[in-house]
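Note that these values count all heavy atoms, side chains included, but never hydrogens, waters or copies made by symmetry. Each residue takes its place number in the sequence, starting with 1. These numbers come from a predicted model, not from an experiment.
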Amino acid sequence: MLLSIAAPKTPGGRVYRLSPNEEALPRHFVIGNVVGAIELTAELRQRMKLNPRSSQTVCPYSGTVADDEEFLHPDDRKAAIETVRHAALEDMRDAFSDMLKDVFRPTSGRGSAITISAKVAPRAPEPRPPVLSRDLMRQLICDHCGRDYGVFAIALFCPDCGAPNLRLHFSREAELVEDQVALAAENAEANEELAYRLMGNAHEDVLTALEATLKTTYLYGIAQTGGGSVPKVGNEFQNIEKARKRFLELALDPFGRLSESDLEELQLNIQKRHIIGHNLGIIDDRFANHDGDAKLGETVELVGEDIRRFAAIGQIVVDRLDGWLCGTPSPTIGASAVSANPRARVVDAEDPKGLKSLNLGLSLLARKIGLWVAERSLDGRNGYVRSIQCREGIRQCFGEGT
């Protein structure tokens with residue numbers, strides 16, 4: 001007998017996965033459904049490790065490719081075994097209960113005053129063992145294949161198609177920074193101190209995300225060279241020159257696409273971050289040397305547009321790293337991708353245009369037919385529906401049984 005137990009899902013409809021590569025910390029990620037319809041162009045396929053929806057999975061942290069079964073999370077395996085054990089015990093209890101009913105039917109000997117009987121009391125079934133799964137904080141949708149998934153912090157690849165998704169992580173950080181800047185603007189008049197603190201956090205988050213992305217990419221590149229032990233890195237990726245020196249080992253300049261003015265602005269914002277994070281925003285000699293307009297002892301100025309510009313420069317750097325991972329830049333750069341916003345509407349494969357959400361009192365098929373007619377009718381009149389051409393078109397569009 002073969003048993004197949006469906007993996008438990010998180011509240012967001014995703015399932016646990018664990019990378020078979022023990023060095024690919026933190027290894028754990030979750031994978032969901034395909035969201036949206038993306039045309040798989042030659043440019044997109046060129047950046048993929050696998051055909052989407054294959055029987056293999058890609059480790060988002062290391063790029064390791066293996067069969068789906070090798071990514072089975074041990075917690076899900078335990079849950080499946082416990083589910084089978086529970087069901088087997090329940091069946092055995094029911095079977096023995098039925099046997100006892102037959103064995104101990106009321107009996108008495110001829111001429112005997114002794115009667116033997118037994119009663120099997122009904123037993124409440126034990127509850128099915130619960131399975132607790134949770135979604136991860138960083139949720140993305142691959143802009144190459146449309147797969148929904150979640151990871152810890154920063155990952156490099158889509159677990160479905162293996163395309164680099166590094167730029168999507170930073171793009172999501174930029175969205176959160178934009179939300180912080182907007183929140184600060186809302187509180188600017190009522191609570192100036194709180195608004196400044198929110199702006200400071202937003203500014204600091206840009207550099208933190210950029211530093212983490214540079215570090216993650218560098219360590220991945222070093223691992224691919226097979227150089228043995230992983231080098232120790234501190235805060236070197238908060239410094240442009242030190243970061244460049246590190247990436248020379250990979251023959252890559254992550255800042256190579258920045259103009260001189262971009263580099264100067266990036267350097268200024270890095271120094272500004274140090275003032276905010278380590279000096280409560282008070283300008284010191286070091287920062288004054290980078291900004292001629294800065295005055296010692298005063299609070300460094302934070303402007304929403306400057307923070308957005310800081311994030312935009314960081315995105316250029318990360319886009320270069322993302323292209324380096326597979327040898328070609330992403331064709332989605334500059335495009336409005338569903339993956340840039342994990343809060344976007346999840347598309348139903350059966351109803352990609354969201355027809356079910358319309359309050360019409362019609363079946364989904366009737367709504368599809370109505371949409372098909374509306375898109376093809378020249379004058380909007382219903383006489384078009386009665387034509388043979390339309391009926392044939394509907395059959396072709398929705399199937400011969402329509």
Keeping [X] on the side-chain end and [Y] on the backbone end, is there a donor-acceptor pair under 3.5 Å?
X      : Y      : result
His169 : Ala155 : yes
Arg27  : Ser19  : yes
Thr216 : Thr213 : no
Arg53  : Cys145 : yes

Closer than 4.0 angstrom, basic N to acidic O: yes or no for [X] and [Y]?
X      : Y      : value
Arg47  : Asp322 : yes
Arg167 : Asp143 : yes
Arg309 : Asp262 : yes
Arg138 : Glu173 : yes

As an exercise, state the distance from [atom1] of [X] to [atom2] of [Y], rounded to the nearest 0.5 Å.
X      : Y      : atom1 : atom2 : result
Leu321 : Thr217 : CG    : OG1   : 4.5 Å
Gln46  : Thr41  : CD    : OG1   : 9.5 Å
Arg246 : Glu241 : CZ    : CD    : 14.5 Å
Asn51  : Arg45  : CG    : CZ    : 5.0 Å
Arg320 : Phe255 : CZ    : CZ    : 10.5 Å
Gln238 : Leu207 : CD    : CG    : 5.0 Å

*With sequence neighbours left out, what residues match Glu69 under salt bridge (charged side-chain N to carboxylate O under 4.0 Å, His left out)?*
none

Check [options] against [X] for a side-chain contact (heavy atoms from CB on, under 4.5 Å) and give me the one that passes.
X      : options                : value
Leu183 : Leu198, Asn201, Leu194 : Leu198
Leu210 : Val318, Ile313, Asp205 : Val318
Ile307 : Glu204, His203, Lys272 : His203

*Determine, stepwise, if the pair Gln139 / Arg14 fulfils side-chain hydrogen bond (donor to acceptor under 3.5 Å, both in side chains).*
CA-CA 11 Å; Gln139 299 169 19; Arg14 303 173 183 89; 3.1 Å; yes

Contact between [X] and [Y] at the side-chain level, heavy atoms closer than 4.5 Å - yes or no?
X      : Y      : answer
Val15  : Val30  : no
Leu40  : Pro52  : yes
Asn239 : Ile270 : no
Pro164 : Trp324 : no

*So, Asn21 and Ser62: side-chain donor and acceptor under 3.5 Å apart, yes or no?*
yes

*Decide whether Asn165 and Tyr149 meet the rule of one side-chain donor and one side-chain acceptor closer than 3.5 Å.*
yes

*Hey, do the aromatic rings of Phe152 and Phe29 have their centres closer than 6.0 Å?*
no

*asked:* Are Tyr220 and Phe157, when compared by the centres of their aromatic rings, separated by less than 6.0 Å?
replied: yes

*asked:* Before you tell me yes or no, could you show the steps for Tyr61 and Leu25 under side-chain contact (heavy atoms from CB on, under 4.5 Å), namely the whole-Å CA-CA distance, both residues' side-chain angles and the distance that decides it to 0.1 Å?
replied: CA-CA 7 Å; Tyr61 306 108; Leu25 300 177; over 6 Å; no

*Apply the test side-chain contact (heavy atoms from CB on, under 4.5 Å) to residues Tyr16 and His28: give CA-CA distance (whole Å), side-chain angles for both, the deciding distance (0.1 Å), then the verdict.*
CA-CA 7 Å; Tyr16 278 8; His28 175 49; 3.6 Å; yes

*Would you check, one step at a time, whether the test side-chain contact (heavy atoms from CB on, under 4.5 Å) holds for Ile38 with His144?*
CA-CA 7 Å; Ile38 297 178; His144 286 53; over 6 Å; no

*Determine, stepwise, if the pair Asn269 / Glu265 fulfils side-chain hydrogen bond (donor to acceptor under 3.5 Å, both in side chains).*
CA-CA 6 Å; Asn269 277 286; Glu265 193 168 351; 4.6 Å; no

